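The structure under discussion appears below in the form of structure tokens.
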There are 2 protein chains.
Amino acid sequence: MGATKTDHFTERQNQLATLAKAIAHPARIAILDYLIKVDSCICGDIVNELPLAQPTVSQHLKELKNAGLIKGDIEGNAICYCIDENTWKQFQDILNTFFNGYTPKTESCC
Amino acid sequence: MGATKTDHFTERQNQLATLAKAIAHPARIAILDYLIKVDSCICGDIVNELPLAQPTVSQHLKELKNAGLIKGDIEGNAICYCIDENTWKQFQDILNTFFNGYTPKTESCC
DNA sequence: GTATTTTATCGCAATATTACGATATGAATT
DNA sequence: AATTCATATCGTAATATTGCGATAAAATAC
């Protein structure tokens with residue numbers, strides 16, 4: 001055991017969970033924060049911005065890339081990373097739909 | 001190693017990550033889906049709705065409760081669970097703020 | 001060519017998460 | 001008090017995640 005039983009849930013539930021997992025780490029939030037802050041594609045210096053070793057940052061970048069949240073192109077001997085506008089909007093939509101799905105009842109027993 | 005280096009990130013980054021982690025599992029999404037669907041507090045039958053054993057469901061409920069997303073009161077020999085309206089709205093805000101923080105640039109190099 | 005710089009990958013150790021059987025708890029029922 | 005029902009907790013096994021040192025890969029600089 002220990003492995004998530006993905007088969008038993010709907011595709012939407014799994015997608016939402018995977019999406020949440022992609023941003024479920026402060027380092028990955030910090031990376032996205034930074035990409036938003038500098039307001040342009042970033043070549044290099046992401047490692048210097050984080051309190052983590054280079055291989056660890058590289059791994060987090062990979063996960064963000066797998067999730068589709070960021071994209072990166074090789075540019076000389078550096079990589080140009082930036083937020084993937086389309087996936088970003090898509091994620092925003094999915095989360096909004098989920099959270100807007102709930103409307104508080106007038107009568108609640110708890 | 002293996003433990004997340006929470007100390008090195010801002011409180012906001014950690015909060016956002018923790019929040020995301022709370023919904024980063026299809027079973028927990030499914031529980032929230034169900035609570036939204038039945039549109040009232042639920043006493044019992046959450047276990048029957050999920051493809052997981054009772055202790056596992058109980059554990060997921062506990063995590064959702066820890067995150068503040070749901071609240072539960074003892075009601076006879078059952079528990080009345082429902083979505084915590086306030087935390088729900090708060091989470092929605094935090095996520096919205098995060099996702100709205102990004103506005104695509106006209107000139108993007110990737 | 002050899003250095004230098006930057007990012008990726010490998011391999012491993014530490015920790016966290018997921019899942020569930022067994023058992024405990026706690027309230028209602030008989 | 002014993003039974004029943006619903007949920008919680010304990011203990012443990014399987015798997016996943018996090019982190020980093022060592023090393024590789026790939027481009028630039030000299």
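In what follows, chains are A, B, ... by sequence order, proteins preceding strands, each numbered from 1. Computed from a predicted structure; not experimentally measured.
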Ignoring hydrogens and geometry, is there a side-chain-to-backbone donor-acceptor pair from [X] to [Y] under 3.5 Å?
X	Y	result
B:R28	A:A17	no
B:T97	B:D93	yes
A:S58	A:Q54	no
B:E49	B:I46	no

What is the separation between atom [atom1] on [X] and atom [atom2] on [N], rounded to the nearest whole Å?
X	N	atom1	atom2	answer
A:D7	C:dT18	CG	C1'	14 Å
A:H60	C:dT7	NE2	P	16 Å
B:K65	D:dT7	NZ	P	12 Å
A:K62	D:dG19	NZ	C1'	15 Å
A:N66	D:dA16	CG	P	15 Å
B:L50	D:dT7	CG	C1'	14 Å
B:I31	C:dA19	CD1	P	10 Å
A:H8	C:dT18	NE2	P	16 Å

Are side-chain heavy atoms of B:F98 and B:R12 found at a separation under 4.5 Å?
yes
Is there a donor and acceptor pair closer than 3.5 Å between the side chain of A:Q59 and the base of C:dA8?
no
Do A:Q54 side-chain and C:dA8 base share a donor-acceptor contact under 3.5 Å?
yes
Return the nearest nucleotide to the side chain of [X]; candidates are [options].
X	options	value
A:Y81	C:dT9, C:dT18, C:dA8	C:dA8
A:A3	D:dA16, D:dG19, C:dG21	D:dA16
A:E63	C:dA19, D:dT18, C:dT9	D:dT18

Which comes earlier along DNA chain C counting from the 5' end, the contact point of A:T6 or that of A:L61, where each point is its nearest nucleotide?
A:L61
On DNA chain C, does the nearest nucleotide to A:P55 precede the nearest nucleotide to A:T4 from the 5' side, or the other way round? Give the residue.
A:P55
Applying salt bridge (charged side-chain N to carboxylate O under 4.0 Å, His left out), name anything that partners B:D84, two or more places apart in sequence or on another chain.
none
Is the A:H25 ring parallel, tilted or perpendicular to the B:F9 ring (thresholds 30°, 60°)?
perpendicular
Would you please confirm or rule out a distance under 4.0 Å between OP1 or OP2 of D:dG19 and any side-chain N or O of A:T56?
no
Starting from the 5' end of DNA chain D, give me the residue, B:F9 or B:S58, whose nearest nucleotide shows up first.
B:S58
For DNA chain D, what residues of residues 14-25 of chain A have any heavy atom nearer than 4.0 Å?
A:K21, A:H25
Check the pair B:Y81, B:K65 against side chain to side chain contact (heavy atoms under 4.5 Å, CB included), reporting the backbone distance first and the verdict last.
CA-CA 9 Å; B:Y81 273 121; B:K65 208 173 173 184; 4.1 Å; yes
Quick one: label A:L52 by what it contacts on the DNA or RNA (base, sugar-phosphate, nothing), any heavy atom closer than 4.0 Å.
sugar-phosphate
